[in-house]
Amino acid sequence: MENMNYETVIGLEVHVQLKTRTKIFCGCPVGWGGEPNTRVCPVCLGLPGVLPVLNRKVLELAVRAGLALNCEVSGFSKFDRKNYFYPDLPKAYQISQYDNPLSGPGWIDIQTEGGKKRIGITRAHLEEDAGKLVHFEKEGYSGVDYNRTGIPLLEIVSDPDFRFPREAYEYLKTIRTVMRYIEVSDCDMEKGSFRCDANVSLRPTGEKELGVKVEIKNMNSFKAVERALAYEVKRQGELLAVGRPVVQETRLYNADLQKTFSMRSKEETHDYRYFPDPDLVPVILEKEWVEEIRSSLPELPGPRSERFREQYGLPEYDAGVLTAERPLADYFEAAAAHTSNYKALSNWVMVELLGKLNDSDSTVEESPISPEQLAGLLSLIEKGAISGKIGKQVFAEMFAGGKDPEVIVEEKGLLQISDEGELDKIVEQVISENPGSVADFRGGKEKAIGFLVGQVMKITQGKANPGLVNQLLRRKLT
Amino acid sequence: MMEKKITLSDVEKVARLARLGISPKDKENFERQLNNILLYMEKLDELDTGDCEPLAHVLPLKNVLREDRVREGLGQDEALKNAPEKKDGFFIVPPVIK
Ligand SMILES: [Zn+2]
């Protein structure tokens with residue numbers, strides 16, 4: 001058989017849980033965990049005679065999200081019933097949006113190996129979450145918990161613009177970052193507030209028409225998405241290579257086996273019979289309100305990262321890390337206002353601060369070191385008052401006790417020794433105690449001086465000015 | 001005989017979607033009745049709706065919203081009161097294949 005080249009086509013559907021106090025159509029609190037069926041009412045249980053009413057906050061957050069995704073936020077939007085029977089759906093329909101989603105076409109830029117890539121957003125619409133099923137295998141029945149029923153979700157549908165699983169991964173990261181920035185969702189995959197399904201197909205390179213599409217579900221982490229997609233692309237490629245057809249179906253990803261498996265239980269093609277929900281009236285957004293929300297949006301991570309590169313002269317990597325979360329970017333900028341050594345600041349924030357925060361399992365907002373204090377530490381190093389190495393020690397003290405760096409340096413007597421007279425004695429001592437290394441250096445072994453400098457640093461507990469020690473040694477030995 | 005809008009297999013499909021089991025005799029009955037309903041509705045085609053916007057709702061209302069404020073719900077006991085089967089706070093249903 002002729003060896004054909006195939007192109008991968010991936011589209012993603014992301015469900016983002018909107019950060020509200022109550023559910024989308026009733027006043028039940030939104031929560032996680034707890035006793036089953038304790039956050040329910042007649043509306044979300046679908047009891048007869050009730051009327052759902054849209055939560056204003058849901059609408060506001062969904063508009064924020066739509067604007068941040070560069071979507072056309074529709075003036076006219078309505079809710080529809082998506083009909084199907086499943087025990088997690090008490091009404092036997094899910095309230096969703098069919099032909100008039102809240103947000104229309106938009107886009108988002110992601111970073112790929114080949115640079116920036118624009119991904120199209122088909123739509124972003126509102127819907128209610130379903131309940132949770134628990135399987136009692138031994139007893140031979142299932143239990144339903146409706147606490148989750150009616151939790152507001154925004155479904156973000158991408159165009160089939162991804163060509164590599166890695167791009168899908170980057171997209172998910174970007175969507176999560178943006179949603180967190182604009183405080184629309186926590187996007188916590190473990191708690192189900194961020195979920196992703198994918199559509200994967202292959203087509204001969206150059207072909208316009210899409211190949212047979214397979215839907216992948218049950219991917220519970222970003223890494224799992226990337227792996228599931230890679231597996232699926234390989235699986236479909238192998239089928240096509242031997243001339244076998246790809247079956248249109250839904251497949252579940254098994255993270256332990258790192259494979260996808262056909263979900264044979266639902267063979268029947270879906271017929272959701274969407275129709276407008278007569279219980280909910282249309283939403284017609286006023287332009288002024290939408291513009292008000294637009295102007296309240298913070299600078300988004302993409303543009304902010306670009307600004308960090310320009311304004312602070314940071315490498316792309318640094319700018320990306322620092323702007324990935326809004327509080328971290330805010331922290332950096334607060335510190336940057338007190339120093340001009342931005343790259344050094346970036347290193348301290350990315351390595352020392354993030355490292356310590358990680359170890360202590362705390363957030364930037366909880367950092368015991370204020371941005372001003374960190375800038376203060378940097379200026380001590382810059383002035384030569386302390387060495388970089390001592391700086392790390394001071395940093396650790398600051399993190400542990402929240403004291404100003406100047407105070408710690410003072411209290412612990414950590415000021416760098418830049419006094420020639422004082423260092424001279426120690427240098428003499430090191431020279432007399434290490435005749436071997438001295439001979440080596442004099443004999444042309446340049447490296448030997450490093451050892452001698454190290455000895456001086458050791459005696460002074462790192463406080464000696466290493467540049468000066470180096471000078472003194474060279475002067476005495478040559 | 002007038003043109004059939006609904007066939008027996010349509011009736012079967014609708015019944016399946018609605019999880020209804022119906023007898024062969026009823027199937028024929030429903031086929032006839034559903035056809036009659038659709039034929040009757042065809043009367044609407046006589047109206048010229050070329051200038052009308054599609055209507056999403058019969059009420060002249062829009063943007064009916066509620067504040068994001070918690071309201072007391074039912075509580076577990078009350079919520080499960082009508083459940084044919086319950087256990088440990090769950091509604092119990094036939095096993096769902098996973
Ligand atoms: Zn409720």
Side-chain angles (χ1 to χ4, degrees), chain A residues 20-22 25-30 35-45 47 53-60 76 78-79 83-88 90 92 100 131 133-137 139-146 252 265 268 271 273 276-278 280-286, chain B residues 5-7 9-22 34 37-38 41 44 49 52-98:
Chain A
T20 56
R21 267 187 222 111
T22 64
F25 298 121
C26 64
C28 288
V30 166
E35 278 285 294
N37 296 303
T38 47
R39 298 186 292 271
V40 289
C41 76
V43 174
C44 54
L45 284 177
L47 300 187
V53 184
L54 181 61
N55 183 339
R56 184 188 299 277
K57 185 79 183 173
V58 167
L59 191 59
E60 185 198 315
F76 177 91
K78 68 173 171 64
F79 290 94
N83 300 280
Y84 65 94
F85 286 101
Y86 210 63
D88 63 3
N100 293 108
L133 286 163
V134 180
H135 306 283
F136 297 96
E137 258 164 58
E139 291 87 345
Y141 51 65
S142 298
V144 200
D145 172 9
Y146 290 117
L252 296 180
S265 57
E268 201 181 337
D271 185 347
R273 294 152 293 143
D277 192 321
L280 287 154
V281 298
V283 172
I284 300 174
L285 297 174
E286 279 163 32
Chain B
K5 303 234 165 250
I6 297 269
T7 64
S9 80
D10 290 328
V11 175
E12 281 161 6
K13 188 188 172 195
V14 172
R16 196 170 56 244
L17 286 171
R19 303 293 191 274
L20 292 173
I22 48 179
L34 288 170
I37 291 168
L38 288 183
M41 295 309 280
L44 287 172
T49 56
C52 293
E53 284 283 309
L55 195 66
H57 205 279
V58 292
L59 299 174
L61 288 173
K62 58 171 185 178
N63 303 347
V64 176
L65 303 170
R66 44 169 275 272
E67 296 306 315
D68 186 23
R69 220 172 281 132
V70 173
R71 265 180 67 173
E72 182 109 24
L74 284 178
Q76 200 184 56
D77 289 345
E78 195 77 9
L80 290 162
K81 214 168 184 176
N82 290 329
E85 267 186 78
K86 56 195 150 186
K87 189 170 187 278
D88 300 335
F90 289 99
F91 289 88
I92 297 302
V93 296
V96 181
I97 319 132
K98 227 215 151 177

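Chain letters run A, B, ... following the sequence lines, proteins first and then strands; every chain starts at 1.
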Between atom NZ of A:Lys57 and atom CG of B:Leu65, what is the distance when rounded to the nearest 0.5 Å?
13.5 Å
Calculate, to the nearest 0.5 Å, the distance between atoms CG and OH belonging to B:Leu74 and A:Tyr146 respectively.
13.5 Å
Atom pair CG (A:Asp271) and CG (B:Leu17), whose distance is rounded to the nearest 0.5 Å
5.0 Å
Find the one option among A:Val43, A:Leu285, A:Val144, A:Val58 whose heavy-atom pairs under 4.5 Å with chain B are most numerous.
A:Val144
Return the minimal non-hydrogen interatomic distance between A:Val53 and B:Val64, and the atom names on each side.
CG1-O, 3.7 Å
Between B:Arg69 and chain A, which part of the residue has a heavy atom less than 4.5 Å away: side chain, backbone, both or neither?
backbone
Counting heavy-atom pairs under 4.5 Å with chain B, which one of A:Thr38, A:Asn83, A:Thr20 comes out on top?
A:Thr20
If you draw a 6.0 Å radius around CZ in B:Arg66, do more than 12 non-hydrogen atoms from other residues or ligands fall strictly inside?
yes
Would you check if A:Tyr141 and B:Lys87 make a side-chain contact, meaning some heavy-atom pair closer than 4.5 Å?
yes
Bottom line for B:Lys13: the part with an atom under 4.5 Å from chain A's heavy atoms is side chain
Region of A:Ile284 that comes under 4.5 Å of a non-hydrogen atom in chain B:
both
Supply the atom-to-atom distance B:Asn82 CG to A:Leu45 CG, rounded to the nearest 0.5 angstrom.
10.0 Å
Below 4.5 Å, heavy atoms only, C-beta onward: do A:Pro36 and B:Gln76 meet side chain to side chain?
yes
Can you name the closest pair of heavy atoms from B:Ala56 and A:Phe76 and give their distance?
CB-CZ, 3.6 Å
Quick check: does any side chain N or O of B:Asp68 sit under 3.5 Å from a backbone N or O of A:Thr22, one acting as donor and the other as acceptor?
yes
For B:His57 against A:Leu280, the heavy-atom pair lying closest together
CD2-O, 3.3 Å
To check you understand the geometry: which heavy-atom pair defines the closest contact between B:Glu67 and A:Asn55, and what is its length?
C-OD1, 4.3 Å
To the nearest 0.5 Å, atom CG of A:Asp88 lies from atom CZ of B:Phe91 at 13.0 Å
Please classify the contact of A:Phe25 with chain B as side chain, backbone, both or neither, using a heavy-atom distance under 4.5 Å.
backbone
What are the two closest non-hydrogen atoms of B:Gly89 and A:Asn37, and how far apart are they?
O-ND2, 2.7 Å
By a 4.5 Å heavy-atom criterion (distance strictly below it), what part of A:Arg273 contacts chain B: side chain, backbone, both, or neither?
side chain
Would you find a donor on one side and an acceptor on the other, under 3.5 Å apart, between the side chain of B:Arg71 and the backbone of A:Cys26?
no
Considering all heavy atoms of both residues, which atom of A:Gly143 and which atom of B:Ile92 are nearest to each other, and what is their separation?
CA-CD1, 4.0 Å
Most heavy-atom pairs under 4.5 angstrom with chain B, which of A:Cys28, A:Pro42, A:Ala92, A:Pro276?
A:Pro42
